[in-house]
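To start, the structure under review is shown below, and the notes come after it.
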Amino acid sequence: MTNIEIARLLRNVAASYAIKNEQKFRFQMLAYLKASNAIEHFPSEVKDLIKEEKLESIPGVGPSIKSHLKELIKTGKVKHFDSILNDIPPSVFPLLDVPSFGPKKAFHLVTEFKLNDSKTVIEDIKDLAEKGKISPLEGFGEKSEKDILQAIEEYKKGKTKSKRMTLPFASETAELLLSYLKKHKDVLVVEPLGSLRRKLSTIGDIDFAVSTNNPKDVIKYFVLYPYKSRVIEQGETGASIITSSGVQIDLLTQPPQSFGSLLQHFTGSKNHNIRLREYALKKGLSLSEKGIKKHMAHDTWHMAHFDTEEKFYNSLGLDWIPPEIREDHLEVEHARLHTLPKLVELKDIKADFHLHSNFPIEPSHDMGRDSMETMIKTALKLGYDYIGFSEHNPSVSKHTSEQILNILKKRKEKIEHINSSNKNIRVISLLEIDILTNGCLAIANKALSLLDATVVSIHSSFGMNKEVMTQRVLKGLSHPKAKILAHPTGRLINQRNGYELDWPQVFDFCKKHNKALEINSWPLRLDLPDILVREAVRRDIKMVIDTDSHQASQMNLMQYGVSIARRGWAEKKDILNTLSYEQFMKWLKS
DNA sequence: GCCGTTTTCGGCCCGACTGTTTTCAGTCG
């Protein structure tokens with residue numbers, strides 16, 4: 001059973017508690033939701049943690065849920081869960097993925113109409129709404145019946161509660177609206193926030209905070225956005241719309257003197273804010289997007305306002321926390337103790353090691369579009385001191401080993417020529433080499449000896465089981481020339497999950513043998529994922545941030561890789577392409 | 001059911017919005 005499946009099961013248990021008696025089981029419900037959320041995003045699989053006796057390292061998993069999870073993995077079911085879930089028709093749960101459906105509404109409709117088929121329940125409700133059978137029910141009306149149809153329509157188009165867009169797509173969508181909002185005279189400051197500001201690799205919906213003294217007109221203007229398809233809600237301080245491309249955009253406003261609190265609140269994450277409010281509550285303070293409320297004598301409250309985020313955090317006795325790490329992963333503790341990491345920044349980057357030029361290498365996979373010279377020019381513009389070219393190895397099936405040797409000799413001469421004629425930048429001769437299914441590198445040692453080092457990666461047979469795949473990767477990486485494992489999980493966001501690896505074993509290997517893991521900045525990869533970066537940082541594994549550019553214009557994707565590194569708490573010392581050329585070459589030959 | 005810089009017991013984040021109500025319940029972020 002995967003973490004995602006377990007998380008769903010726990011979510012269903014929480015929903016069942018809410019349906020049975022939300023008041024009575026309020027805290028059980030919250031506890032199960034918390035555990036569900038934590039497990040869904042935890043870097044190690046529950047079944048592995050059980051083996052390693054480390055289940056309690058998941059925040060929100062205590063003695064009770066721990067024993068339930070052990071039972072689940074051992075027997076495939078949990079008596080306690082069954083006893084809770086048994087009273088609830090299973091057809092309630094698929095509805096929880098539909099926007100605007102929560103446990104109560106789903107249960108109400110399922111029992112009212114005796115809808116017992118989980119496979120058809122969404123369609124069944126759609127039929128009932130179309131026939132006008134829902135509006136007469138107590139607690140429902142004409143409008144809510146229409147809203148149900150709308151929500152199901154959007155669900156079927158793919159806007160489920162978990163469907164997310166890629167970071168660059170979200171950035172472009174945000175940019176359009178940003179320039180629209182800035183045209184309004186009462187918009188003093190506008191910032192894209194939420195998951196976009198925290199630089200998640202995927203974005204759910206786009207949030208904006210506006211500083212204004214005239215929220216009414218700003219909101220009116222916002223909901224008139226030409227590319228909107230409809231308005232979801234509209235209030236006095238905020239509104240939500242859906243764009244014609246199906247993206248939800250939320251807007252919240254505050255006057256300038258409270259803008260800091262608004263930024264803080266709207267940036268999230270939800271879990272970070274919950275942690276922060278729990279922390280504040282112990283000091284007798286109550287936090288919201290309006291400011292910090294302090295309980296005074298005679299049951300009165302004093303509200304403190306903050307125009308900047310720094311002042312907001314500082315007034316709680318905390319250092320300002322970079323948005324990328326506001327995920328309730330101990331950052332509040334570190335902020336209190338003044339031990340937050342100094343995260344790596346884009347300006348620290350001095351090199352890029354994963355560049356595909358158009359050198360005629362007759363590669364095994366896609367070739368680059370631009371010449372080495374063009375990419376070098378771009379590298380200089382980006383302020384890099386050195387770069388590494390890593391074209392795919394020449395196709396093995398189409399060449400003899402002699403031909404491969406000749407191609408690489410020519411490439412070596414070319415790079416040597418570049419280095420002797422251009423003193424502004426150093427070029428390292430690398431290659432991205434396939435790790436074959438048997439763990440061998442795709443080209444022979446004689447050819448490899450023409451290179452400074454190699455980047456290695458998996459491009460075939462993704463379906464191997466975890467143990468075999470791990471041995472394959474480690475064997476490939478054990479070659480003395482292999483120094484960097486590129487896009488280590490092989491995932492493509494929204495397209496494929498990547499292969500399975502035994503991560504503790506991979507980390508240990510890298511540490512012992514001086515190998516680096518790549519953080520690949522390609523928008524659909526962003527691989528290593530942030531949670532594995534965090535684990536690598538904890539274990540002092542070195543990483544490199546690369547763009548995997550196939551043309552010069554893509555070299556500015558570096559920013560996304562840096563974002564992922566920052567989300568994983570990486571500092572300058574963790575990232576090898578912050579080193580000087582000499583220091584890096586020393587590592588490369590180590 | 002979880003958790004600890006007042007606590008191993010007694011707390012548990014906060015507010016907005018909508019629809020259906022006439023003071024609230026449900027959902028969301």
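The chains referred to below are lettered A, B, ... by the order of the sequence lines, with proteins before strands, and numbering in each begins at 1.
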For residues 182-201 of chain A, the salt bridge (Lys or Arg N to Asp or Glu O under 4.0 Å) pairs (sequence neighbours left out) are A:R197-A:E309, A:R198-A:E327
For B:dG19, does OP1 or OP2 lie under 4.0 Å from any side-chain N or O of A:K143?
yes
How far, in whole Å, is B:dT22 from B:dC28 if one measures between their C1' atoms?
24 Å
Roughly how many Å is it from CE in A:M29 to P in B:dC12, rounded to a whole number?
15 Å
Considering every strand and a 4.0 Å limit on heavy-atom distances, what is the contact class for A:G194: base, sugar-phosphate, or nothing?
nothing
Please report, rounded to the nearest Å, how far the C1' atom of B:dA25 is from the CG atom of A:L109.
14 Å
Applying a 4.0 Å non-hydrogen cut-off, can you work out what A:Y32 is touching in the nucleic acid: base, sugar-phosphate, or nothing?
sugar-phosphate
If you look at every strand shown and take non-hydrogen atoms under 4.0 Å, does A:F140 touch a base, only sugar-phosphate, or nothing?
sugar-phosphate
How many Å lie between CD on A:E138 and P on B:dG26, as a whole number?
11 Å
Would you please classify the geometry between the A:Y17 ring and the A:F25 ring as parallel, tilted or perpendicular, with 30° and 60° separating the classes?
tilted
Nearest whole Å is fine: how far is B:dG26 C1' from A:L96 CG?
13 Å
A:L276 CG - B:dG15 P separation (whole Å)
14 Å
Contact class for A:Q28 (heavy atom, under 4.0 Å): base, sugar-phosphate, or nothing?
base
Taking the P atom of each, how far is B:dC17 from B:dC12, in whole Å?
25 Å
Any residue meeting side chain to side chain contact (heavy atoms under 4.5 Å, CB included) with A:A31, in chain and number order, not counting sequence neighbours:
none
Please state how far atom NE2 in A:H265 lies from atom P in B:dA16, giving the value in whole angstrom units.
9 Å
Is A:S240 touching bases, backbone alone, or none of the nucleic acid, heavy atoms closer than 4.0 Å?
nothing
Below the 4.0 Å mark, does B:dT20 have OP1 or OP2 next to a side-chain nitrogen or oxygen of A:S144?
yes
On the 0 to 90° scale, with breaks at 30° and 60°, tag the A:Y313-A:H272 ring pair as parallel, tilted or perpendicular.
tilted
Please classify the nucleic acid contact of A:E142 as base, sugar-phosphate, or nothing, using heavy-atom distances under 4.0 Å.
sugar-phosphate
Closest-nucleotide ordering on DNA chain B, the 5'-leading residue of A:D147 and A:K290
A:K290
Expressed as a whole number of Å, how far does the P atom of B:dG15 sit from that of B:dG10?
27 Å
Quote, to the nearest angstrom, the C1' distance that separates B:dC9 from B:dC14.
25 Å
Full working for side-chain contact (heavy atoms from CB on, under 4.5 Å) between A:K47 and A:M1
CA-CA 8 Å; A:K47 57 178 189 294; A:M1 212 170 181; over 6 Å; no
Set out, line by line, the N/O atom pairs under 3.5 Å between protein and nucleotides 4-7 of chain B.
from  : atom 1 : to     : atom 2 : distance (Å)
B:dT5 : N3     : A:R336 : NH1    : 3.2
B:dT5 : O4     : A:R336 : NH1    : 3.2
B:dT5 : O4     : A:R336 : NH2    : 3.4

Roughly how far apart, to the nearest Å, are B:dT20 and B:dA16 at atom P?
22 Å
Distance check needed: B:dG1 C1' versus A:Y17 OH, whole Å only.
8 Å
Give A:H80 one of three labels, base, sugar-phosphate or nothing, depending on what nucleic acid heavy atoms sit under 4.0 Å from its own.
sugar-phosphate
Under a 4.0 Å threshold between the charged nitrogen and the carboxylate oxygen, would A:E123 count as salt-bridged to A:K156?
yes
Would you classify A:S286 as touching base, sugar-phosphate or nothing, given that sugar-phosphate means primed atoms plus P, OP1 and OP2, and contacts are heavy atoms under 4.0 Å?
sugar-phosphate
